[in-house]
Amino acid sequence: MVRLSYYKGLLLSDYYAPGLKWSDEFKKYIGFAYKYRDVLEYFKREEIKIEDNVLDTLPFPMIEDKITLRDYQAKALFFWNRAGKRGIIVLPTGAGKTAVGIKAITKVKASTLILVPTIDLLDQWYEKIKDALNYSPGRIGGGYDELKAITVITYDSAYTRVEEIGNKFAFVIFDEVHHLPSEGYSQVAQMLASPYRLGLTATPEREDSRHRLLPDLVGPVVFRLRASELAGKYLAEFEIKKIYVSLTDDEKKKYEELRKKLKQFLSSRNMQLDSLESFHKLVKLAGRDPEAREALLAWHTALRISVNSKAKIEKLRELLNEYNNKENKIIIFTRDVEMAYNVSREFLIPVVTYKTPKDERSEILRKFKEGKYKVIVASSVFDEGVDIPDANIGIVLGGYGTSRQMLQRLGRILRKKEGEKNKALLIEIITKGTSDYNLSKRRHRATV
DNA sequence: TTGACTCAACATCCTTTGCTACAA
DNA sequence: TTGTAGGTTTCCATGTTGAGTCA
């Protein structure tokens with residue numbers, strides 16, 4: 001008879017099993033709690049009897065189930081179920097990931113923990129569960145601290161509480177699961193004993209390649225659908241337009257000076273900037289070498305000039321003249337805060353950045369939803385986890401070189417509206433011949 | 001309870017085009 | 001001659017968020 005137990009994120013066992021190591025401190029074999037399922041299966045295969053004291057879950061409540069899934073949502077859940085209730089479902093923004101998650105809870109019928117990156121999402125899940133299951137889930141984070149059989153928690157709170165609650169849930173849902181592989185959050189996944197796992201995201205891939213950890217932490221991608229596959233029926237038809245502009249003579253002169261400074265430094269040190277690693281090398285060097293710091297600063301400034309070029313503002317003026325009318329709702333996206341405020345001042349448009357106070361932000365979003373505001377400008381605050389009212393036109397003035405940001409911004413204009421005839425339109429304004437062009441090229445790598 | 005702070009964690013950050021020492 | 005590894009243990013900037021603290 002093997003005794004299995006849980007202790008502060010660890011799995012303790014009397015006998016050896018793959019994935020466990022002997023610990024002199026505990027006088028037992030130990031491993032991270034997430035090995036629980038594998039260890040259990042191993043002992044079963046070996047026909048070894050187990051006394052299992054790992055999970056200590058709260059009783060599953062009486063719930064209703066008012067969720068009707070669309071065909072692709074049901075299919076996604078089918079594949080996840082077939083994979084042993086483990087794995088990741090990839091659906092574009094607006095395709096109803098939350099509904100899939102809630103339906104999964106009703107299938108598993110066991111105590112469930114839902115991890116979310118922001119308080120906005122904490123509230124959204126809370127409301128949707130209340131509606132769909134006629135049950136008020138617990139909330140931990142954002143000032144709440146209620147542990148219930150179905151509980152929504154922020155990643156940050158989970159990080160500080162996981163030792164204590166790591167064995168209270170048989171099922172765990174990781175919303176926006178691309179956050180999970182980061183240094184700190186991945187420990188949360190390891191310290192949870194939950195044998196059933198579901199990850200939800202629109203874009204699992206990460207710039208740092210740590211998404212390679214996801215199959216181990218959550219399971220493989222079991223279902224994937226792109227925005228273009230849902231366009232027309234469940235999401236709006238859309239078009240992506242690219243408009244190219246040039247730097248002014250002044251900007252060009254400055255830009256080239258700065259790039260030259262960077263190049264001169266690189267060649268003086270026999271360095272190249274041809275990979276992320278080489279860039280990190282430069283950053284490291286900049287920590288102790290003033291010349292390297294100067295070079296990096298030059299790179300930053302040059303980037304800013306190209307992303308926030310004056311011609312973009314003029315092009316934006318034309319676009320607003322053309323599209324700013326009763327029929328359209330427009331969101332303008334910028335890369336940095338300064339540009340967002342410049343646009344706001346120039347065109348007298350309400351602006352939202354991370355500096356905007358909370359109530360002012362919700363006020364602006366409310367008025368945009370009601371149609372009192374037709375155009376708003378935002379930095380990268382709307383990229384994820386915020387419930388943004390529908391728009392049908394997005395204008396990208398600047399951004400990162402990541403397809404994640406691109407797809408998330410696209411998602412902001414894709415919600416299908418009743419009787420809508422016009423296509424949703426995402427317009428990107430790009431400064432040609434500069435790093436801005438490279439950024440744009442990079443964010444289009446992944447097919448939409 | 002709020003509001004204003006601070007702090008920590010997370011994310012992005014590259015594409016040009018030439019090295020040098022050593023092993024196979 | 002050709003091919004390949006090379007060095008450590010992070011962190012120039014800016015943006016964004018959640019949690020904690022203190023008035």
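Chain naming here is simple, since letters A, B, ... match the order of the sequence lines and numbering starts at 1 in each.
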Under 4.0 Å from OP1 or OP2 of [N]: is there any side-chain N or O of [X] that close?
| X | N | value |
| --- | --- | --- |
| A:S379 | C:dG15 | no |
| A:R442 | B:dT15 | no |
| A:R361 | C:dT17 | yes |
| A:R404 | B:dT12 | yes |
| A:H179 | B:dA11 | yes |
| A:Q272 | B:dC14 | no |
| A:T154 | C:dT17 | no |
| A:W299 | C:dA13 | no |
| A:R335 | C:dT14 | no |

Given that both distances must come in under 3.5 Å, which nucleotide forms a Watson-Crick or G-U wobble pair with [N]?
| N | value |
| --- | --- |
| C:dA13 | none |
| B:dT12 | none |
| B:dT1 | none |

Practice task
Compute the ring centroids of A:Y185 and A:F174, then answer whether they are less than 6.0 Å apart.
Solution key: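 No, too far apart.
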Discussion item. Less than 6.0 angstrom separating the ring centers of A:F26 and A:Y7, yes or no?
Written reply: yes
Between [options], which nucleotide has the shortest distance from any of its atoms to the side chain of [X]?
| X | options | result |
| --- | --- | --- |
| A:V337 | B:dT15, C:dT16, C:dA19 | C:dT16 |
| A:D359 | B:dC13, B:dG3, B:dG18 | B:dG3 |
| A:K281 | C:dG18, C:dT14, C:dG7 | C:dG7 |
| A:V283 | B:dG18, C:dA19, C:dC12 | C:dC12 |
| A:L273 | B:dC14, B:dA11, C:dT16 | B:dC14 |
| A:H300 | C:dA13, C:dT8, B:dC13 | C:dA13 |
| A:L439 | B:dC14, C:dG7, C:dG15 | B:dC14 |
| A:Y185 | B:dC13, B:dC10, C:dT16 | B:dC10 |
| A:R304 | C:dA19, C:dT16, C:dT14 | C:dT14 |
| A:S157 | B:dT12, C:dC11, C:dA19 | C:dA19 |

The test is side chain to side chain donor-acceptor pair (under 3.5 Å); show your working for A:E428 and A:S440 and say whether it passes. CA-CA 8 Å; A:E428 216 183 332; A:S440 163; 3.1 Å; yes
Syn within 90° of 0, anti beyond: C:dA5 is anti
Notebook entry, point to check: Hey, is B:dC14 sitting syn or anti, using the within-90° cutoff around 0?
Noted result: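 Syn conformation for B:dC14.
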message: Both A:R288 and A:S380 contact DNA chain C. Taking the nearest nucleotide for each, which residue is further toward the 5' end?
response: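 On the 5' side of the pair lies A:R288.
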Rounded to whole Å, the CZ-P distance (A:F382 to C:dT16) equals 10 Å
When rounded to whole Å, the CG to P distance for the pair A:N270 and B:dT16 reads 18 Å
Donor on one side chain, acceptor on other, [X] and [Y], under 3.5 Å:
| X | Y | value |
| --- | --- | --- |
| A:N392 | A:N328 | yes |
| A:S435 | A:Y255 | yes |
| A:T353 | A:Y341 | yes |

Under 4.0 Å between any heavy atoms, over every strand shown, what does A:R259 touch: base, sugar-phosphate, or nothing? Just pick one.
base
Which is true for A:I119 with a 4.0 Å heavy-atom rule: it touches a base, it touches only sugar-phosphate, or it touches nothing?
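It contacts sugar-phosphate atoms only.
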### Query
When rounded to the nearest Å, what value does the distance between P atoms of B:dT16 and C:dC12 take?
26 Å
Does A:T151 use its side chain to pair, donor to acceptor, with the backbone of A:L147 at less than 3.5 Å?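 No.
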